[in-house]
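Reviewing the structure listed below.
Note that ligands are numbered from 1 as they come in the structure, with each ligand's atoms numbered from 1 the same way. Just so you know, these numbers use all the heavy atoms, side chains as well, and skip hydrogens, waters and symmetry mates.
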Amino acid sequence: MVAKDGSLVHGGPVADLSAAAARAEWTALAAAVARANRAYHTEDAPEISDADYDALKRRLARIEARFPELAAEGSPTAEVGAAPSETFAKVRHAVRMLSLENAFETDEIRDFDDRIRKYLNLGPDAPLAYTAEPKIDGLSLSLRYEGGRLVQAATRGDGETGENVTANARTIADIPQTIAGAPQVLEVRGEVYMSHDDFARLNERQETAGDKTFANPRNAAAGSLRQLDAAITAARPLRFFAYAWGELSAPLAETQMGAVERLSALGFQTNPATRICDGPAALVAAYREIEDGRALLGYDIDGVVYKVNDLALQARLGFRSTTPRWAIAHKFPAELAWTRLEAIDIQVGRTGALSPVARLLPVTVGGVVVSNATLHNEDYIAGRDARGNPIRDGKDIRPGDWVQVYRAGDVIPKVADVDLARRPADAVPYVFPTVCPECGSDAVREEGDSVRRCTGGLICPAQAVEKLKHFVSRGAFDIEGLGAKQIEMFFADAALPIREPADIFTLRTRDEAGLTRLKNREGFGEKSAANLFAAIEDRRSIPLARLIFALGIRHVGEVAARDLARHYAGWDALVASVDLARPAALAHRAADAAEARERRAAADEGRRARIGEARAAAIAAAAVPPASMAAWADLVETDGIGPVLALSLSDALANPQERSGIDRLTAHLTVLPPEAQVAQSPVAGKTVVFTGTLEKMTRAEAKARAEALGAKVAGSVSARTDLVVAGPGAGSKAKDAERLGVEIIDEDAWLRLIGG
Ligand code: IVH
């Protein structure tokens with residue numbers, strides 16, 4: 001319950017509330033949330049903490065879950081981004097809202113100045129001043145004041161007609177409702193945006209409430225402004241910078257800078273970084289300065305806008321169809337940004353690899369806030385490549401440095417460059433750890449490997465937890481209700497731990513024997529606990545390929561796992577064969593080392609290496625039994641499996657700790673062989689071409705079924721084609737088949753062939 005003074009008093013369990021009590025509590029809670037919203041956003045004077053605010057909202061949501069009729073009355077928990085039930089009213093702009101011409105290169109800024117001089121018939125030396133100001137990455141809004149009162153707010157829309165968002169705009173603290181000393185009609189234009197801090201807090205709140213989060217502050221600002229329910233906009237921390245105007249009953253000033261100052265005097269926020277420049281060189285200098293300070297602003301900008309300062313000249317220059325001649329946006333390169341490297345952290349992966357991660361002062365790169373980026377490996381940080389050649393001119397990267405972050409599409413952001421001119425005097429070179437930061441085991445780097453690895457194996461908690469996450473992942477055991485988050489939770493759980501895959505399959509019996517049952521835990525209920533146990537039960541039978549992939553053995557991906565499964569057809573056969581091949585695998589490794597030694601010696605002595613002999617001698621010295629040699633050959637010659645993968649698999653199964661964990665796991669499982677029908681299917685290994693119209697199934701379905709039966713489906717007919725399935729309307733492909741003597745059958749015959 002909420003007490004009269006607004007403090008939060010916990011009510012009893014929602015399950016015990018009567019309908020009347022629920023309504024009373026709901027009303028009080030909804031009012032408290034609305035009041036908190038007003039205090040926070042409109043009055044800029046928060047009255048309760050974020051945690052209390054979240055608690056209020058959570059309790060509201062719980063009550064609404066039990067009494068949905070209450071939510072229908074316009075609750076502050078109303079879903080975020082819910083599909084609008086109606087649209088905003090349209091508003092025709094009295095003066096069109098324009099966009100800006102873009103420039104990326106310095107040359108284009110000189111051209112911009114040249115063009116303006118030409119248009120105005122000004123000589124190259126005639127004075128011509130510009131303003132330079134940050135280009136805010138938000139969405140533009142036009143505010144109409146009549147007699148000093150805000151009467152309408154509209155989005156840009158297509159420039160001619162926008163959407164009426166007046167009620168929403170009124171909830172934004174930076175937008176005054178009334179202004180004194182303004183012209184009778186004043187349209188103020190500017191950008192609605194969200195600061196980085198507010199964005200992070202909003203996303204946290206959204207996540208806690210189970211609502212969708214936003215990709216970047218711009219999306220969050222746009223989504224928040226365009227809410228049909230102004231109460232939702234009010235709960236979102238939006239801000240506004242004024243930088244332009246539309247209809248005016250009297251001019252604001254004679255210059256751009258003067259007009260912005262006037263807007264500031266009227267009570268609007270204007271950008272303090274706005275300055276006057278006397279020509280293209282000064283504009284570009286301003287651009288560099290603003291770009292350098294970008295990460296410290298606390299909100300997103302995507303370039304610098306230059307405008308002719310003299311408003312009489314602006315009027316002469318006028319507009320093209322959608323952009324003014326007197327302004328240009330000098331954009332930052334889309335995928336690059338400079339920011340400060342706060343720290344270098346080391347993450348330990350599933351296979352023990354130590355990966356350096358850059359912790360950055362958050363910066364937006366290509367529309368996404370980036371606060372972490374990869375630094376690849378220790379050589380990369382030191383400024384050299386795997387062969388020891390300098391990269392970035394040999395510049396190393398140190399905590400405290402200003403670094404360039406690069407991001408392309410969905411790729412993990414990387415640190416691309418470092419600015420030595422901005423290096424703090426006390427920055428010290430980064431020393432890459434030689435012990436695992438998670439378990440203290442030695443971290444070693446094998447010859448020819450660019451990666452340093454923890455040697456702790458499963459005693460390393462980081463490796464163990466990453467291996468478990470991999471074990472339950474999509475292509476592996478894929479257990480519903482047991483994702484990365486739950487794995488972290490169970491891994492750390494003292495009462496009901498999951499420390500290795502086998503523990504998953506004893507979870508239920510351990511739970512039943514325990515005192516505090518899973519169904520009573522945070523995040524679980526009777527139903528979700530039962531669902532989890534059922535999902536685990538379901539996976540006691542597992543296809544061989546999934547099991548192999550799930551073990552998370554280095555180099556053994558999904559495709560290799562399928563290849564191995566197909567080749568060995570059973571878990572016991574696979575293990576027996578790999579065990580048998582162990583002596584040969586070790587001999588192979590010794591031969592690799594002998595080969596490397598021979599190569600080095602030959603280079604030193606200036607002769608040709610005798611690789612084959614070195615290998616043969618090493619293998620002979622190992623005296624491997626022929627059966628082991630045969631098993632090894634069988635393994636490495638399996639389609640898709642080479643010596644690197646084979647060695648890694650052999651190492652994993654020969655490691656006593658790892659092996660006993662695997663044995664404990666498989667004791668709980670029924671391993672299903674790869675689909676037996678594939679080998680027996682009459683089309684296994686055949687190349688099939690479909691042509692013409694298929695009447696009983698789609699082309700995609702036909703292809704999938706053929707592939708499931710072991711056939712290869714090709715798009716065109718060649719001498720290698722075994723079978724053409726031709727439906728009505730088959731054209732040149734059927735002719736090709738005839739010419740090449742390839743068998744042609746119709747769809748019904750195909751279905752009979754594959755058993756319907
Ligand atoms: S001036 C007639 N100044 O950028 C020119 N626009 O890409 C009016 N923008 O639609 C725009 N910061 O939404 C101007 N300091 C700034 C700006 C700015 C952001 C936005 C504005 C405009 C878009 C064009």
For this session: Classify the ring geometry between Tyr193 and Phe241 as parallel (under 30°), tilted (30 to 60°) or perpendicular (over 60°).
Result: parallel
For this session: Please determine if Asp111 and Arg115 form a salt bridge, counting it only when a charged side-chain N lies under 4.0 Å from a carboxylate O.
Result: no
Problem set entry | Which residue and heavy atom of the protein sit nearest atom 15 (N) of ligand 1, plus the separation | Glu133 OE2, 2.7 Å
Problem set entry | Pro134 N/O to ligand 1 N/O under 3.5 Å | yes
Exercise. Salt bridge (charged side-chain N to carboxylate O under 4.0 Å, His left out) with Glu247: which of Arg96, Arg144, Arg92?
Worked result: Arg144
Problem set entry | Distance from atom 14 (C) of ligand 1 to nearest protein heavy atom, with residue and atom | Tyr243 CE1, 3.2 Å
Problem set entry | Contact (N/O only, under 3.5 Å) between Asn102 and ligand 1 | no
For this session: For atom 24 (C) of ligand 1, find the nearest protein heavy atom and state the residue, atom name and distance (0.1 Å precision).
Result: Leu100 N, 3.6 Å
Exercise. Looking at OH of Tyr287 and CG of Asp292, how far apart are the two atoms once the value is rounded to the nearest 0.5 Å?
Worked result: 10.5 Å
Problem set entry | Heavy atom of the protein closest to atom 12 (N) of ligand 1 (residue, atom name, distance) | Ile136 N, 3.0 Å
For this session: Identify whether the distance between the nearest side-chain nitrogen and carboxylate oxygen of Arg423 and Asp396 falls below 4.0 Å.
Result: yes
For this session: Give the residue and atom name of whichever protein heavy atom lies nearest to atom 20 (C) of ligand 1, and the separation in Å to one decimal.
Result: Glu191 OE1, 3.5 Å
Problem set entry | Interatomic distance, Asn219 atom CG to Met194 atom CE [nearest 0.5 angstrom] | 10.5 Å
Exercise. How close does the nearest protein non-hydrogen atom get to atom 7 (O) of ligand 1, and which residue and atom is it?
Worked result: Lys135 NZ, 3.1 Å
For this session: Return the residue, atom name and 0.1 Å-rounded distance of the protein heavy atom closest to atom 8 (C) of ligand 1.
Result: Leu98 O, 4.3 Å
Exercise. Who's closest to atom 22 (C) of ligand 1 heavy-atom-wise, of Arg156, Met97, Lys307?
Worked result: Arg156
Exercise. Can a salt bridge be assigned to the pair Arg110 and Asp107 using a cut-off of 4.0 Å between side-chain N and carboxylate O?
Worked result: yes
Problem set entry | NZ/NE/NH1/NH2 to OD/OE distance under 4.0 Å, Asp198 and Arg239 | yes
Exercise. What is the nearest protein non-hydrogen atom to atom 2 (C) of ligand 1, stated with its residue, atom name and distance?
Worked result: Pro324 CG, 3.7 Å
